[in-house]
Amino acid sequence: MNDAGHDSHGAALHDVAPHDAAALPHGTLKGYLTGFVLSAILTAIPFWLVMAGPFFSSQTTAVIVLALAGVQVVVHMTFFLHMNGRVEGGWSMMALVFTIIVVVIVLAGSLWVMTHLNANLMAPEQMMRR
């Protein structure tokens with residue numbers, strides 16, 4: 001408590017300026033509908049590729065599906081999460097980049113370990129001879 005009988009923490013809350021409403025991203029109906037349509041298309045194309053298997057080998061289909069998944073992540077971040085370099089002074093984008101780097105390192109390391117384990121694993125008949 002301070003001299004005036006008010007809680008010092010409560011007084012500090014009144015000194016903080018409210019968030020600038022113009023700086024916050026606001027979605028429009030057109031933006032949300034565009035994001036929805038793009039998301040639906042980016043879901044339907046991989047589904048069709050996997051179910052119909054029209055032109056490509058399974059490896060090529062997997063690469064196309066992964067690429068479209070990446071595009072869909074960007075669509076969701078842009079149209080629904082309103083992430084860009086201006087929001088929060090760029091910190092949300094920097095946090096996203098850091099998260100992507102960590103995920104890539106973890107996935108690449110996991111795949112590297114599993115590949116080497118698979119290559120160096122003894123066949124069951126070799127284990128029985130020991």
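Index from 1, following the sequence.
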Revision key, fill the gap. When every non-hydrogen atom of Gln72 is compared with those of Ser39, the smallest separation belongs to NE2-O, 2.9 Å
Exercise for review: Report whether Ile41 and Val75 are members of the same hydrophobic cluster (ILVMFWY, side-chain heavy atoms less than 4.5 Å apart, transitive linking).
Suggested key: yes
Point to revise | Shared hydrophobic cluster for Val97 and Ile105 (ILVMFWY, side-chain gaps under 4.5 Å) | key: yes
Exercise for review: State plainly whether one hydrophobic cluster holds both Val74 and Leu81, where clusters connect Ile, Leu, Val, Met, Phe, Trp and Tyr through side-chain heavy atoms under 4.5 angstrom apart.
Suggested key: no
Review point. Side-chain heavy atoms under 4.5 angstrom apart, residues restricted to Ile, Leu, Val, Met, Phe, Trp, Tyr: same cluster for Leu33 and Met77?
Key: no
Study note, to complete from the structure: Between Leu42 and Pro46 the two heavy atoms that sit nearest each other are O-CD, 3.0 Å
Point to revise | Phe80, CZ atom: more than 12 neighbouring heavy atoms under 6.0 Å | key: yes
Review point. Looking at CG of Leu96 and CD1 of Ile100, how far apart are the two atoms once the value is rounded to the nearest 0.5 Å?
Key: 4.0 Å
Check your understanding: Are Trp112 and Leu117 co-members of a hydrophobic cluster defined by side-chain heavy atoms under 4.5 Å apart?
Key -> yes
Exercise for review: Measure the CG-OG1 distance between Leu66 and Thr61 for me, rounded to the nearest 0.5 Å.
Suggested key: 11.0 Å
